[in-house]
**Q** 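Below you will find the structure I want to go over with you.
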Amino acid sequence: MTAFLSISLLSCAQEVPKVKHKKSTASSKSNTKSTKFANAEDPICHMKTEDGMKDTAVYKNKTYGFCSAYCKDEFKKNPEKYVQK
């Protein structure tokens, strides 16, 4: 039984597909639309906003960028508190 288990494990390891990841992100950046954020820094943690931030919220027709979903959720609880800063 041990021999069968060893052979089946080896065959499974050989079936794992080999995936090549792109090392350069330059081509993917050229396809993404650059968003102009209304804020230069995350109003919750004060981290600088950068192009390509995925966590965003729209408030009064302005797009705000956040470093994380946590910061975005905190902003959404009381946006007026952070917009007036």
**Q** Should Y59 and F75 count as side-chain neighbours, where that means a heavy-atom distance under 4.5 Å?
**A**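 SC-SC contact between Y59 and F75 confirmed.
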**Q** Taking all non-hydrogen atoms of both residues into account, name the closest pair between C67 and C45 and its distance.
**A**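 That would be SG-SG, 3.5 Å.
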**Q** Give the minimum heavy-atom separation between C71 and D42, together with the two atoms involved.
**A**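 Shortest heavy-atom separation between C71 and D42 comes out as CB-OD2, 3.3 Å.
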**Q** Please report the closest heavy-atom contact between K48 and M53, naming both atoms and the distance.
**A**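 Scanning both residues completely, I find the closest heavy atoms to be O-CE, 3.6 Å.
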**Q** Which heavy-atom pair separates T56 from F37 by the least distance, and what is that distance?
**A**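 Here T56 and F37 meet closest at CG2-CE2, 3.5 Å.
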**Q** Scan V83, T63, T49 and name whichever one has a side chain to side chain contact (heavy atoms under 4.5 Å, CB included) with N39.
**A**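 Exactly one pass, corresponding to T49.
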**Q** Do Y64 and K72 come within less than 4.5 Å of each other through their side chains, counting heavy atoms only?
**A**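 With C-beta onward as the side chain, the pair stays apart.
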